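Take a look at the structure set out below.
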There are 6 protein chains.
Amino acid sequence: MRIRIAKEFQWEMSHRLPFHKGDCKNIHGHTYKVRVEIEGDTDANGMIMDYFDMANIMNPVIHKLDHAFLVDSSDSIMLDFLTANNFKHVVINKTTTAENIAAYILDIITPSFQQYKNIDILKIRFNETADVFAELEKKL
Amino acid sequence: MRIRIAKEFQWEMSHRLPFHKGDCKNIHGHTYKVRVEIEGDTDANGMIMDYFDMANIMNPVIHKLDHAFLVDSSDSIMLDFLTANNFKHVVINKTTTAENIAAYILDIITPSFQQYKNIDILKIRFNETADVFAELEKKL
Amino acid sequence: MRIRIAKEFQWEMSHRLPFHKGDCKNIHGHTYKVRVEIEGDTDANGMIMDYFDMANIMNPVIHKLDHAFLVDSSDSIMLDFLTANNFKHVVINKTTTAENIAAYILDIITPSFQQYKNIDILKIRFNETADVFAELEKKL
Amino acid sequence: MRIRIAKEFQWEMSHRLPFHKGDCKNIHGHTYKVRVEIEGDTDANGMIMDYFDMANIMNPVIHKLDHAFLVDSSDSIMLDFLTANNFKHVVINKTTTAENIAAYILDIITPSFQQYKNIDILKIRFNETADVFAELEKKL
Amino acid sequence: MRIRIAKEFQWEMSHRLPFHKGDCKNIHGHTYKVRVEIEGDTDANGMIMDYFDMANIMNPVIHKLDHAFLVDSSDSIMLDFLTANNFKHVVINKTTTAENIAAYILDIITPSFQQYKNIDILKIRFNETADVFAELEKKL
Amino acid sequence: MRIRIAKEFQWEMSHRLPFHKGDCKNIHGHTYKVRVEIEGDTDANGMIMDYFDMANIMNPVIHKLDHAFLVDSSDSIMLDFLTANNFKHVVINKTTTAENIAAYILDIITPSFQQYKNIDILKIRFNETADVFAELEKKL
């Protein structure tokens with residue numbers, strides 16, 4: 001049976017948008033939430049994938065981002081400061097907009113989900129705050 | 001006008017997954033939630049279907065499942081115990097994973113929604129807990 | 001990169017459905033919520049559109065509807081009363097079902113989003129209450 | 001054992017504040033929510049009161065207010081209109097602020113809860129919208 | 001400075017109320033939630049207690065109850081069945097009403113919080129479902 | 001009539017706890033929420049205070065904290081960096097634990113609420129994340 005399942009994860013992180021003309025250029029943070037959706041065929045037990053296995057894939061990603069600063073590699077002011085003071089941070093090679101963070105997470109989790117041959121669609125809904133999100137889907 | 005509408009319903013139920021290697025093989029329960037979505041054409045009053053009519057279709061289903069044990073027909077340990085003690089239960093002929101419960105509900109409500117000739121898509125989003133769901137859509 | 005983003009807005013409004021055989025023919029109200037989704041290509045900064053710009057488009061619409069009565073132009077009983085007493089109201093030329101309100105909002109915001117050449121899908125999810133919604137998507 | 005329990009109820013209603021200098025003088029509505037709390041001693045079964053019995057007391061009140069207009073008796077403009085058109089309404093002898101509605105509900109449910117000799121505190125938390133409430137407690 | 005802090009925890013569990021005349025005598029389950037509140041004086045760092053330390057106390061309790069059956073010691077039908085089949089269960093010596101479960105949890109966590117000399121009030125708000133709770137406070 | 005009312009506000013902010021042995025010493029952020037509660041006597045219109053007036057007091061505070069870094073005056077590493085780069089920040093003379101931020105907000109809003117002679121209790125519930133809060137009440 002073809003079906004879609006999803007599971008949500010949450011963490012606390014800081015970022016800034018250096019290019020932004022409004023308040024987002026400042027250092028601020030959010031309670032971020034990501035919903036991972038997978039679509040495919042169920043196995044003999046009636047599952048696409050065990051929710052615990054989804055958690056096993058996602059928890060290291062959440063752990064890496066939680067209580068960290070997500071920094072754009074071109075933002076040398078922040079990157080130097082974070083490195084000099086040994087503050088936990090994760091570097092991505094683009095701005096940290098909701099759109100780009102969604103794409104970044106989708107990219108790093110793709111290989112893990114590709115191990116599951118019965119899954120052919122992977123989707124991320126990424127909430128920057130409770131009332132805004134970016135979402136992105138790809139074929140595996 | 002072609003449009004989609006949805007309504008949510010909630011209930012309290014017990015189940016177990018006999019095949020599961022983790023804690024889900026034990027008797028446990030959840031606050032379950034189902035969102036029913038229908039897509040089709042609006043009538044002269046500007047409705048696909050009255051929300052009260054959706055409730056009239058769904059309430060008997062919810063009432064049947066509420067405060068019950070949803071049991072896989074091959075789980076004879078549970079089935080014998082539930083029957084012997086006259087405990088409220090509902091039997092389905094597959095495991096009670098989120099995927100299978102979603103498909104079970106979609107199946108039993110399909111005939112009621114097929115009465116409405118203006119509706120051609122029926123979808124179920126089924127939450128086992130607040131942070132996980134399974135969803136399934138079919139053409140009527 | 002092609003992606004979808006969304007932002008939600010909320011307001012307090014009154015309406016009635018003159019044709020309704022149940023309680024909805026009476027004057028009543030809801031906490032309404034609308035989620036605006038746009039899909040398209042990101043710009044050089046990694047954004048489809050700034051969430052602040054989405055708010056700038058939506059806030060005048062929300063402000064116009066908030067603490068108002070949304071009245072069907074054929075409901076002369078209500079329309080005369082609202083006009084005679086100078087009560088804030090918004091007239092639409094169809095019944096005020098969730099389906100029609102969703103379509104009404106989608107229509108009035110379309111021109112603003114069409115200014116953005118990188119956006120080609122606009123979608124409205126419109127919640128009448130927390131557990132029911134109507135949704136509608138169009139190509140720009 | 002002395003303990004406190006609570007249950008929530010929700011409905012859709014319209015009102016206005018004739019004295020208000022802002023938008024609240026207009027006819028508008030909300031998704032209202034009330035949380036009823038009772039404190040007292042548990043019985044031999046380990047309950048202060050069955051949640052189903054709380055629902056039995058509250059449901060007629062919710063049913064009376066749902067899809068209605070709550071009107072201040074001194075607001076003759078509205079009262080005449082509602083009566084002339086046979087629109088469902090409930091009259092209270094004070095303004096329909098959150099504070100007064102909370103007190104009104106507390107008053108009308110008090111006799112029903114006073115039947116239970118083991119309960120000595122009754123409290124109402126009344127949400128006009130998701131982010132504002134009024135609350136009031138009394139000794140029975 | 002005297003202040004109160006709180007943290008919430010959630011789990012999935014099954015129970016039944018053998019004495020109940022309605023549906024609650026059946027085996028069913030809920031997504032349970034508990035909010036632990038502590039009141040006392042802050043230390044030199046401006047904390048009553050680190051939220052991580054609250055989690056360290058509560059997580060073993062949640063782990064013990066999660067995906068289990070909470071059974072009243074006098075309910076021999078259930079207790080025999082759970083034991084015979086080696087299903088995860090927790091026995092309490094009273095009925096499993098919301099009131100009694102709240103008191104049970106308060107009792108078992110009290111010693112851990114009593115280690116903290118700056119805390120003098122411990123409170124439990126225990127949600128059986130999203131819309132009902134029982135709450136209980138004690139001096140340490 | 002004596003009654004209590006409340007209104008909630010939300011914002012996005014960054015902070016760190018220099019003394020913390022765990023992840024909180026790093027730069028991170030949260031979606032913060034504050035609920036302001038006031039208790040007192042209603043006026044002739046049946047209000048303690050108009051919710052719009054509560055918003056008028058709170059909005060400048062929220063605006064000041066939103067998209068900012070809340071920094072402890074003794075955290076010279078952060079303070080120097082924020083000042084040197086002209087990043088929006090708010091300095092408080094204690095650590096930025098939930099307990100201290102709650103007390104800080106209560107202090108700065110007290111004078112505004114003291115203008116209302118009918119209010120004698122002011123309370124803050126301050127959520128660092130959705131599942132943890134600190135709360136503090138004082139007599140005006």
Side-chain angles (χ1 to χ4, degrees), chain A residues 6 8 15-26 28-37 70-75 78 90-108 110 121-139, chain C residues 1-12 31-59 61-63 65-66 105 109 112-113 116-127 129-131 133 135-137 139:
Chain A
E8 286 183 0
H15 83 134
R16 75 177 200 105
L17 299 178
F19 70 83
H20 201 263
K21 296 207 169 70
D23 267 353
C24 300
K25 70 175 178 299
N26 294 301
H28 63 284
H30 307 282
T31 297
Y32 288 95
K33 201 166 67 173
V34 73
R35 187 169 88 191
V36 181
E37 299 183 24
L70 188 71
V71 61
D72 174 354
S73 57
S74 71
D75 182 4
M78 278 310 306
V90 175
V91 186
I92 64 172
N93 66 349
K94 44 194 168 186
T95 62
T96 60
T97 59
E99 290 90 333
N100 281 342
I101 303 177
Y104 164 74
I105 294 175
L106 185 58
D107 278 354
I108 60 174
T110 294
I121 294 179
L122 177 63
K123 182 177 171 180
I124 287 292
R125 174 175 289 185
F126 171 75
N127 272 80
E128 193 176 78
T129 66
D131 66 343
V132 303
F133 67 76
E135 66 181 18
L136 198 54
E137 180 174 307
K138 80 170 164 199
K139 293 227 166 78
Chain C
M1 177 182 58
R2 187 170 178 77
I3 199 166
R4 178 175 289 229
I5 64 167
K7 186 169 170 60
E8 287 184 357
F9 303 87
Q10 202 169 307
W11 72 99
E12 315 294 323
T31 298
Y32 288 95
K33 200 166 68 175
V34 74
R35 186 169 87 191
V36 182
E37 297 182 25
I38 52 177
E39 191 173 315
D41 292 304
T42 50
D43 62 17
N45 285 324
M47 281 183 168
I48 301 185
M49 188 175 174
D50 195 313
Y51 291 123
F52 291 100
D53 293 330
M54 291 183 79
N56 286 339
I57 291 175
M58 294 305 295
N59 285 342
V61 177
I62 303 305
H63 185 71
L65 298 173
D66 190 33
I105 294 174
I109 66 174
S112 301
F113 285 97
Y116 293 78
K117 295 312 175 196
N118 61 323
I119 304 174
D120 50 32
I121 294 179
L122 177 62
K123 183 177 171 180
I124 288 292
R125 174 174 290 187
F126 171 74
N127 273 78
T129 65
D131 66 344
F133 66 75
E135 66 180 19
L136 198 55
E137 181 174 307
K139 293 227 164 79

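A note on names: the letters A, B, ... follow the listed sequences, proteins ahead of strands, and every chain is numbered from 1. Just so it is clear, the structure is predicted and the values come from calculations on it, not from any experiment.
Proximity to chain A is limited to the backbone of R2(C), based on heavy atoms less than 4.5 angstrom apart. Both the backbone and the side chain of I48(C) have a heavy atom closer than 4.5 Å to some heavy atom of chain A. Contact of F19(A) with chain C is made through the side chain alone, with heavy-atom distances under 4.5 Å. Only the side chain of E128(A) comes within contact range of chain C, judged by heavy atoms closer than 4.5 Å. Contacts between E37(C) and chain A at a heavy-atom distance below 4.5 Å involve the side chain alone, from C-beta outward.
Closest heavy-atom contact between F133(A) and Y51(C): O-OH, 3.3 Å. Across all their heavy atoms, I3(C) and A134(A) have their closest contact at CD1-CB, 4.2 Å.
Counting heavy atoms from C-beta outward, K21(A) and F52(C) have side chains that stay 4.5 Å or more apart. In this structure, the side chains of M1(C) and L136(A) come closer than 4.5 Å at one or more pairs of heavy atoms.
A donor-acceptor pair is defined here as one N or O able to donate and one able to accept, closer than 3.5 Å; no such pair exists between the side chain of E99(A) and the backbone of I5(C).
We find the NE2-CE distance between H20(A) and M47(C) to be 4.5 Å, quoted to the nearest 0.5 Å. The OG1 atom of T129(A) lies 6.0 Å from the NZ atom of K7(C); values are rounded to the nearest 0.5 Å.
Highest contact tally toward chain C, considering only L17(A), N100(A), N127(A), is held by N100(A) [criterion: heavy-atom pairs under 4.5 Å].
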